[in-house]
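Residue numbers run from 1 in the order of the sequence given. Remember, it's 1-based here, ligands and their atoms both numbered in the order they're listed.
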Amino acid sequence: MSAIDFTSQNDCFTLANGVKIPCIGYGTWQTAPGQTADCVKTAIRAGYTHIDTAWVYGNEPEVGEGIRASGVKRDELFVTTKHWVTERGRQKTAAAIDVSLKNLGLDYIDLYLVHWPCVEKISPDWKEINAETWRGFEDACKAGKLRAVGVSNYQAKHLNALFDMCSVKPMVNQLEFHPGYTQWENIRFAQENGMLAEAWSPLGSGAVLKDARLTEIAAKYGKSVAQLCVRFALECGVLPLPKSTNPERIRANLDVFDFSLTEEDKSELLHFPALGFSGFLPEDAPADAIA
Ligand code: A2P
């Protein structure tokens with residue numbers, strides 16, 4: 001089934017190891033602790049079965065709380081979290097996974113991602129460091145703690161180095177992706193290598209939503225710009241992870257299965273003038289700078 005044929009958020013992409021992943025995830029980056037548990041509960045009750053968090057967001061315990069409060073069974077949900085840059089290395093990774101499991105109150109994680117690659121600017125041994133971290137991921141897979149594993153913010157050179165040094169290939173690459181910043185070469189590289197590309201900030205963290213041209217395109221379909229962006233990601237085979245703290249917008253961001261984009265509009269969104277880029281690039285080691 002291709003993304004264009006999806007009829008609800010419960011339809012799934014299939015990862016390289018056969019694991020099914022619901023095609024829209026609820027993003028929790030920049031949702032404050034204190035707010036996250038309620039938002040996650042609201043999102044699950046609105047129909048999301050896929051939640052995306054990260055250790056560094058500081059809200060894993062509340063994501064777990066929201067999941068429990070939703071009343072939905074664990075095996076009906078898909079939970080992603082991410083490894084942080086301070087925990088690189090095989091042993092530290094093993095410990096980091098246990099911390100995330102404890103924070104979430106879960107006994108397995110559906111998808112665990114390396115949040116940012118180690119890059120040359122950080123260490124000349126970046127390839128070996130990334131491979132050692134990845135071995136920690138492979139160990140935890142074997143131990144049944146992780147159902148699927150992947151990376152985030154990896155460029156082709158980081159992935160090629162990992163492919164050369166490890167046995168299990170990452171199944172996902174989560175990248176910033178929205179009209180105005182699609183980094184299409186990285187998306188295509190992931191897809192050509194059998195990985196699912198996911199979109200963080202599919203709405204440009206809100207920065208693309210007032211654009212006049214996007215508003216005009218969305219209006220043609222009777223949709224909001226946010227819905228246009230979510231649909232655009234899906235039609236590119238990219239799994240969107242929209243974030244909202246507002247119950248109405250949480251629901252609205254799932255209402256994207258009753259329209260499809262013309263080839264012209266899709267092409268315009270793919271080649272849209274630069275807009276809403278976060279400024280985060282792996283080579284600038286942004287994550288290490290704030291660690
Ligand atoms: P809010 O949480 O107040 O709804 P991204 O998913 O790219 O990170 O973007 C998240 C930002 O977009 C947040 O500021 C969020 O604000 C806003 N947002 C999310 N959904 C919508 C929507 N349907 N309409 C307008 N703004 C939205």
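At a heavy-atom distance under 4.0 Å, no atom of S224 approaches ligand 1. At a heavy-atom distance under 4.0 Å, only side-chain atoms of L209, from C-beta outward, approach ligand 1. Heavy atoms of A252 found under 4.0 angstrom from ligand 1: none, in either backbone or side chain.
Within ligand 1, counting atoms from 1 as listed, the ones closer than 4.0 Å to a heavy atom of P202 are 6 (O), 7 (O). Atoms of ligand 1 lying under 4.0 Å from at least one heavy atom of G204, given by number and element, are 7 (O). Residue A226 has at least one heavy-atom neighbour below 4.0 Å for each of these atoms of ligand 1: 22 (C), 23 (N). Atoms of ligand 1 lying under 4.0 Å from any heavy atom of S244, numbered from 1 in the order shown and given with element: 1 (P), 2 (O), 4 (O), 19 (C), 20 (N). Annotation for ligand 1: atoms under 4.0 Å from non-hydrogen atoms of P242 are 6 (O). Of all atoms in ligand 1, listed by their number and element, those nearer than 4.0 Å to a heavy atom of G206 are 9 (O), 11 (C), 12 (O).
Salt-bridge annotation for E128 and R135: present, with a side-chain N of the basic residue lying under 4.0 Å from a carboxylate O of the acidic one.
For the residue pair E60/S100, the side-chain donor-acceptor check at 3.5 Å is satisfied. Between T93 and H83, the side chains place a donor N or O and an acceptor N or O closer than 3.5 Å (distance only, hydrogens not considered).
In this structure, the side chains of V114 and K82 stay at 4.5 Å or more apart for every pair of heavy atoms.
Of the candidates R249, K210, K243, R251, the one placing a heavy atom closest to atom 25 (C) of ligand 1 is R249. Looking at T28, T245, T31, it is T245 that brings a heavy atom closest to atom 2 (O) of ligand 1.
When each of V172, L159, T133, L113 is checked for a side-chain contact (heavy atoms from CB on, under 4.5 Å) with V151, only L159 meets the rule. The ring pair (Phe, Tyr, Trp, His ring centres under 6.0 Å) test with W200 singles out one residue from F177, W29, Y57, Y181, and that residue is W29.
Listed here is the closest heavy atom pair of I187 and T182: CG1-O, 3.4 Å.
Closest to atom 23 (N) of ligand 1, if we only count protein heavy atoms, is N253 OD1, 2.9 Å.
More than 12 heavy atoms of other shown residues, nucleotides or ligands fall within 6.0 angstrom of atom CD in E185.
Note on ring orientation: taking the six-membered ring where Trp is involved, the planes of F189 and F163 are parallel (angle under 30°, cut-offs 30° and 60°).
For ligand 1, one of its N or O atoms has an N or O atom of S205 under 3.5 Å away.
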